[in-house]
Structures are given as C-alpha cells and as structure tokens.
Amino acid sequence: MNILVTGGAGFIGSHLVRLLVSKYPHYRIVNLDALTYAGNLANLRDVEQAPNYFFEKGDITDQENLPALFQKHQLDGVIHLAAESHVDRSISNPLSFVETNVLGTVNLLNVARQHWKDNPAGKRFYHISTDEVFGSLGEEGFFTEETAYDPRSPYSASKASSDHFVRAYYHTFGLPVIVSNCSNNYGSYQFPEKLIPLMINNIREQKPLPVYGDGQYTRDWLWVKDHAAAIDLIFHQGKIGETYNIGGNNEWKNIDLVHKLCDIIDELLGRPPGHSRQLITFVRDRPGHDRRYAIDASKIREELGWEPSVQFEEGFRQTAQWYLEHQDWLQGVLSGAYQDFYRQQYAQ
Ligand code: NAD
Ligand code: TYD
C-alpha cells in the first residue's frame with residue numbers, strides 16, 4: 001500500500017510514521033506536513049533514510065498541489081492527523097483551527113474522493129480525532145461511540161466539525177472512511193506546551209508549575225505508542241463507516257499527576273522527597289475548561305483485541321526519563337516563538 005500520513009512530523013504522527021515504516025517495509029509511507037511550530041523533522045531522524053519513507057512539505061489546505069501529490073504517490077490510504085492541537089492556542093486564535101482542522105480536512109476529503117472515484121476498492125480515509133468532541137463529564141460515566149457531540153472549546157468544536165464532515169462524505173459520497181476518538185496521549189516528542197512535557201521541563205528547571213483552576217480536572221492518559229498501535233490496527237482491520245473510541249483506562253486529576261511527576265523527577269535527579277511539589281502554583285483557569293474526560297474503549301477491545309500495553313507508573317517514569325535525557329531535542333523546539341507564547345499564556 002501507499003499511505004499518506006498527514007501531520008507525521010508532530011507528536012503522535014511521528015510515532016505512527018516510525019511504526020509503519022519499520023513494520024511494513026513493503027509499503028510506501030508518505031508524510032505530508034506543513035512543519036508548523038508543532039512539526040519537527042528531528043522527531044523522525046531515525047527513519048528519514050528508510051527507503052519506504054517519503055517526506056512532502058505541504059499544507060492540507062492547499063487545493064492546488066494536493067491532487068498532484070495523490071497522483072505522484074498513487075495513494076491507497078490516508079491517515080489524517082494534521083491539525084492545530086492545543087486548546088489554549090484555540091482560545092487565542094480560533095480561526096486558525098477552523099482553517100486547518102475544518103477546511104484542511106474537507107480539502108483532503110475532496111482530493112481523496114476525486115482521486116479514488118474510478119477505483120474505490122481497498123481505499124480508506126482514516127481520520128484521527130479526540131475524545132474532547134464529546135464535551136465534559138461529571139464524576140461518573142464514560143464516553144462511548146454513541147455519546148452525543150458537545151464540544152466546548154474552539155479546538156474541540158473544530159475537531160467535531162471535521163469528524164462530521166468525514167462521516168458526511170461516507171454517507172453522501174460513499175468515501176470509505178473510518179474515525180477514531182482518543183483520550184490524552186503522553187510520551188516522547190510531545191511539544192512542551194502540553195501538560196506533561198511542560199511540567200517535566202519546569203520541574204527540571206525548578207520553575208513554577210502552573211496548575212489551572214483548582215487542579216481537580218481529570219484526564220484519561222494513554223501512552224502514545226499504544227495509540228499508534230491502535231491506529232495501525234484500526235487502519236487495517238477496522239470497519240469502513242465505523243467509529244472507535246481509544247482510551248487508556250488511566251484517569252488522573254491534574255494535581256495528582258503533577259505530584260506524581262514531581263516525585264518521579266525528584267527521585268531520578270536525586271533531590272530530596274517533596275522538593276519540587278513546592279513549585280506548584282495555581283493559576284487562572286482555562287475558560288470553558290472541561291472537567292473530566294473518560295473513554296469506554298470496550299468496542300475496540302472486543303472487536304479488534306486492542307488494549308493499552310503500558311502501565312501508567314512505568315509509562316510516566318519512562319517519559320520523564322526521556323525528556324531529561326533529550327535536552328538537545330527540547331532546546332531545539334523551545335524557540336523564541338515558544339517563549340512568546342509561554343509569556344502570554346501564563347501572564348497573570
Ligand atoms: P501536534 O500538534 O503535535 O502535531 C500536529 C502536526 O500537524 C504537526 O507536525 C504540524 O506541523 C502539522 N500540521 C499542522 N497544520 C498543518 C497543515 N495545515 N498542513 C499540514 N500539516 C499541518 O498534534 P498531535 O498531538 O500529534 O495530534 C495529532 C492528531 O491527533 C490531531 O488531529 C489531534 O487532534 C489528534 N489527537 C491528539 C491527542 C493528544 O493527546 N495529543 C489525543 C487525541 C487526538
Ligand atoms: P493539555 O495537555 O493542554 O490537554 P487537553 O486540554 O487537550 O486535555 O492539558 C491537560 C490538562 O492539564 C487540562 O485539564 C488543562 C491542564 N493544564 C494545566 O493545569 N496547566 C498547564 O499549564 C497546561 C498546559 C494544562
């Protein structure tokens with residue numbers, strides 16, 4: 001197969017590209033990425049020389065050049081991850097989320113539809129989405145594939161919109177689509193604007209640890225390589241027209257997670273117990289902050305036999321260790337633009 005991965009230079013995309021390139025030497029894996037602030041080819045240094053890997057710098061909103069790219073690589077499948085992905089950025093600039101996540105997705109759908117129209121057999125367009133489209137849970141309950149959409153941030157509204165377009169292309173045009181909605185990922189190569197790498201970096205540097213609101217917000221955390229494995233499985237064995245929820249069954253209140261990271265890093269760096277917890281600073285809450293996300297992943301478990309492979313204790317420790325050992329990578333992504341974003345975001 002010739003597979004297009006969009007957003008392959010980002011966090012999840014780079015793990016997926018690495019998995020596909022090594023597992024399927026007989027496939028051609030084409031990575032289309034615009035290399036925004038979140039895209040980094042250093043995430044893929046170890047696969048860039050592989051004969052079955054091809055990088056194309058480009059934007060998913062580009063109507064002119066994408067048809068030629070489909071033609072050039074004779075694409076049979078698309079795994080679509082390219083997106084603006086950070087909720088806080090979506091609050092300061094919603095329109096860029098509409099442009100990439102909604103218009104970019106519809107553009108890709110149009111190009112795939114056009115390219116596959118005479119020969120649709122065996123093709124698939126797999127759209128990667130988030131559990132945030134379902135909105136916010138109270139103390140109880142889980143999101144299933146049947147939960148009604150209720151997005152509450154510009155990010156989740158843009159992802160919800162793109163999910164609707166993908167399903168609309170299945171019903172209206174018969175495009176062979178699949179969708180999955182996953183919980184929060186953690187692991188190596190995540191841009192340090194997101195909670196876990198941001199906290200690890202600040203703990204290492206002994207900077208304030210900005211916890212939003214009362215810190216009682218809950219997320220379900222999944223190791224990124226388990227998400228990549230689920231994507232591989234769904235792409236190959238998922239049913240066309242279906243949706244799959246993916247989750248880690250690993251719920252943490254933010255404050256407990258930050259405590260855990262402080263303790264792991266203090267231990268790894270030989271600091272006294274409790275040392276870094278003193279850096280925790282409660283800051284202004286995120287507007288529209290969703291209280292709790294939790295996924296019921298029974299469908300993918302029962303139908304496709306997928307389960308998370310890594311226990312959270314081990315996963316968090318490995319992740320902390322990776323960031324501590326990859327200061328060069330971290331310094332590379334902490335550009336001047338990131339510093340500006342950080343100052344603006346955490347100004348009191
Ligand atoms: P990321 O921000 O790390 O990476 C996004 C990638 O997309 C970057 O490489 C960026 O350069 C690229 N990109 C952005 N705009 C583009 C455009 N217009 N054209 C081409 N490329 C563009 O994101 P991530 O965390 O890896 O998330 C990947 C996907 O998974 C997103 O669709 C996101 O909604 C979804 N998702 C993420 C999580 C999570 O916890 N991170 C959970 C569930 C679903
Ligand atoms: P984040 O990593 O941005 O993922 P998402 O908002 O997509 O779930 O944030 C995870 C949780 O951590 C969320 O409840 C917001 C919170 N948070 C903080 O408390 N402080 C921070 O500095 C950041 C970035 C997030």
Side-chain angles (χ1 to χ4, degrees), residues 5-17 31-41 43-44 56-62 66 79-91 96-97 99-101 103-105 107-108 127-133 136 153 155-156 158-159 162-163 180-187 189-199 202 208-222 224 227-228 230-231 245-248 252-255 257-258 280-286 288-293 295 333 342 345-346:
V5 176
T6 70
F11 167 47
I12 302 171
S14 61
H15 284 279
L16 178 68
V17 165
N31 171 14
L32 170 69
D33 200 298
L35 300 181
T36 68
Y37 79 95
N40 185 358
L41 289 178
N43 299 358
L44 288 165
E56 297 277 2
K57 184 169 186 306
D59 196 307
I60 56 167
T61 61
D62 181 345
L66 281 197
I79 309 182
H80 174 38
L81 295 95
E84 288 293 336
S85 68
H86 189 39
V87 174
D88 294 325
R89 288 184 191 254
S90 81
I91 295 168
S96 64
F97 284 66
E99 280 161 6
T100 291
N101 300 359
L103 297 180
T105 300
N107 187 41
L108 263 184
H127 177 62
I128 306 301
S129 193
T130 166
D131 61 356
E132 306 194 23
V133 298
S136 182
S153 73
Y155 165 64
S156 53
S158 69
K159 290 298 290 188
S162 64
D163 294 9
S180 61
N181 297 84
C182 187
S183 63
N184 287 59
N185 287 212
Y186 71 92
Y189 299 113
Q190 186 169 32
F191 194 81
E193 64 190 350
K194 305 278 168 57
L195 180 73
I196 290 185
L198 185 145
M199 290 297 169
N202 285 15
L209 309 178
V211 173
Y212 295 165
D214 63 3
Q216 300 296 311
Y217 295 85
T218 301
R219 298 291 183 264
D220 168 26
W221 292 96
L222 177 70
V224 63
H227 189 192
I231 293 173
N245 277 2
I246 308 169
W252 285 79
K253 287 195 171 19
N254 292 339
I255 187 67
L257 178 54
V258 174
I280 290 171
T281 314
F282 290 93
V283 299
R284 189 185 53 195
D285 208 350
R286 172 186 281 172
H289 198 169
D290 291 334
R291 195 64 170 166
R292 174 172 167 258
Y293 303 141
I295 282 276
V333 298
Y342 195 93
Q345 176 63 24
Y346 295 100

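Since we're looking at a predicted model, the values are computed, not measured. Order of appearance sets the numbers: ligands from 1, and atoms from 1 within every ligand.
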Candidate pair Y189 and N40, rule side chain to side chain donor-acceptor pair (under 3.5 Å), full reasoning: CA-CA 9 Å; Y189 299 113; N40 185 358; over 6 Å; no
Side chain to side chain donor-acceptor pair (under 3.5 Å) assessment of E84 paired with Y155: CA-CA 8 Å; E84 288 293 336; Y155 165 64; over 6 Å; no
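Ranking protein heavy atoms by distance to atom 18 (N) of ligand 1, first place goes to D59 OD1, 2.9 Å. Looking only at protein heavy atoms, the nearest one to atom 21 (N) of ligand 1 is A34 N, 3.1 Å. Scanning all protein heavy atoms for the shortest distance to atom 31 (C) of ligand 1 gives L81 O, 3.1 Å. Considering only non-hydrogen protein atoms, atom 7 (O) of ligand 2 sits nearest to E132 OE2, 2.5 Å. Of all protein heavy atoms, the one lying nearest to atom 4 (O) of ligand 1 is G10 CA, 3.4 Å. In this structure, atom 16 (C) of ligand 2 lies nearest to the protein heavy atom N254 ND2, 3.4 Å. Shortest contact from atom 3 (O) of ligand 2 to any protein heavy atom: R286 NH2, 3.0 Å. Scanning all protein heavy atoms for the shortest distance to atom 4 (O) of ligand 2 gives N184 ND2, 3.3 Å. The protein heavy-atom contact nearest to atom 2 (O) of ligand 2 is L195 N, 2.9 Å. Protein heavy atom in closest approach to atom 14 (O) of ligand 2: H289 NE2, 2.7 Å. Closest to atom 22 (C) of ligand 1, if we only count protein heavy atoms, is A82 CB, 3.7 Å. If you check which protein heavy atom lies closest to atom 3 (O) of ligand 1, you get F11 N, 3.0 Å. Closest protein heavy atom to atom 19 (N) of ligand 1: I60 N, 3.0 Å. Looking only at heavy atoms of the protein, atom 24 (C) of ligand 2 is closest to E193 O, 3.3 Å. Closest to atom 19 (O) of ligand 2, if we only count protein heavy atoms, is Y212 N, 2.9 Å.
Proximity annotation for atom 33 (C) of ligand 1: of Y155, Y37, F97, Y155 comes nearest, heavy atoms only. Between the choices D131, T100, I12, T6, the shortest heavy-atom distance to atom 30 (O) of ligand 1 belongs to I12.
Residue E99 does not touch ligand 1, judged by heavy-atom distances below 4.0 Å. Contacts with ligand 2 closer than 4.0 Å are made by side-chain heavy atoms of Y346 only, the backbone lying farther away. The proximity of I128 to ligand 1, defined as any non-hydrogen pair under 4.0 Å, involves the side chain as well as the backbone. For L35, every heavy-atom contact with ligand 1 shorter than 4.0 Å involves the backbone, none the side chain.
Geometrically, ligand 1 and N185 share a nitrogen or oxygen pair separated by less than 3.5 Å. Note: no N/O pair closer than 3.5 Å links T130 and ligand 1 by distance alone. For the pair L32 and ligand 1, the shortest N or O to N or O distance does not fall below 3.5 Å. Looking at ligand 1, you'll find an N or O of T36 within less than 3.5 Å of one of its N or O atoms. For ligand 2, one of its N or O atoms has an N or O atom of R219 under 3.5 Å away. Any N or O atom pair closer than 3.5 Å counts here, and D33 shares at least one such pair with ligand 1. In terms of polar-atom proximity, defined here as any N/O pair under 3.5 Å, C182 makes no such contact with ligand 1.
Close contacts between ligand 1 and S183 involve ligand atoms 42 (C), 43 (C) [criterion: under 4.0 Å to a heavy atom]. Taking every non-hydrogen atom of G58 and a distance limit under 4.0 Å, the qualifying atoms of ligand 1 come out as 19 (N), 20 (C). Counting atoms of ligand 1 from 1 in the listed order, those under 4.0 Å from a heavy atom of S85 are 1 (P), 2 (O), 23 (O). Close contacts of ligand 1 with S129, meaning ligand atoms under 4.0 Å from a residue heavy atom, involve 43 (C), 44 (C). Interface atoms of ligand 1 facing K159, defined by a heavy-atom separation under 4.0 Å, are 31 (C), 32 (O), 33 (C), 34 (O). Contact atoms of ligand 2 toward V87: 6 (O), 7 (O) (distance under 4.0 Å to a heavy atom of the residue). Listed by number with element, the atoms of ligand 2 under 4.0 Å from a non-hydrogen atom of V211 are 19 (O). Against a heavy-atom cut-off of under 4.0 Å, H86 is close to the following atoms of ligand 2: 3 (O). Those atoms of ligand 1 that come under 4.0 Å of a heavy atom in N184, given as number and element, are 40 (O). The ligand atoms of ligand 2 that sit less than 4.0 angstrom from a heavy atom of P210 are 18 (C), 19 (O), 20 (N), 21 (C), 22 (O).
Closest approach of F11 to Y186, counting heavy atoms only: CZ-C, 3.7 Å. Between A9 and L35, the shortest heavy-atom contact is CB-CD2, 3.7 Å. In this structure, Y342 and P208 approach most closely via the heavy-atom pair OH-O, 4.4 Å. Taking both residues in full, the closest heavy atoms of I60 and L66 are given as O-CD1, 3.7 Å, listed atom of the first, atom of the second, then distance. When all heavy atoms of A82 and H80 are compared, the closest pair comes out as O-CE1, 3.3 Å. Summarising the geometry of P192 relative to V333, their closest heavy-atom pair is CD-CG2, 3.8 Å, with the distance given to 0.1 Å.
For the atom pair OG (S162) and CZ (F97), the distance works out to 12.0 Å, reported to the nearest 0.5 Å. Residue Q345 holds its CD atom at 7.5 Å from CZ of R286, rounded to the nearest 0.5 Å. Taking CD1 of I231 as the reference point, atom CD1 of I246 lies at 6.0 Å (rounded to 0.5 Å). The CD1 atom of I12 sits 7.5 Å away from the CD atom of Q190 when rounded to the nearest 0.5 Å. Taking CG of L198 as the start and CD of E193 as the end, the distance is 9.0 Å to the nearest 0.5 Å. We find the CG-OH distance between D88 and Y212 to be 3.5 Å, quoted to the nearest 0.5 Å.
Although no hydrogens or angles enter the test, the distance criterion places no donor-acceptor pair under 3.5 Å between the side chain of S14 and the main chain of L44. In this structure, N101 contributes its side chain and S158 its backbone to no donor-acceptor pair below 3.5 Å. Between the side chain of D131 and the backbone N or O of N181, no donor-acceptor pair lies under 3.5 Å. Checked by atom type and distance alone, the side chain of N202 never pairs as donor or acceptor with a backbone atom of L209 at under 3.5 Å.
Using a 4.0 Å cut-off between a side-chain N of Lys or Arg and a carboxylate O of Asp or Glu, D214 and K253 do not qualify as a salt bridge.
Ligand 1 lies out of reach of G104, whose nearest heavy atom is not under 4.0 Å from it.
Under the 4.5 Å side-chain criterion, counting only non-hydrogen atoms from C-beta, I280 is in contact with I255.
Residues T105 and H127 have side chains that never bring a donor and an acceptor to within less than 3.5 angstrom of each other.
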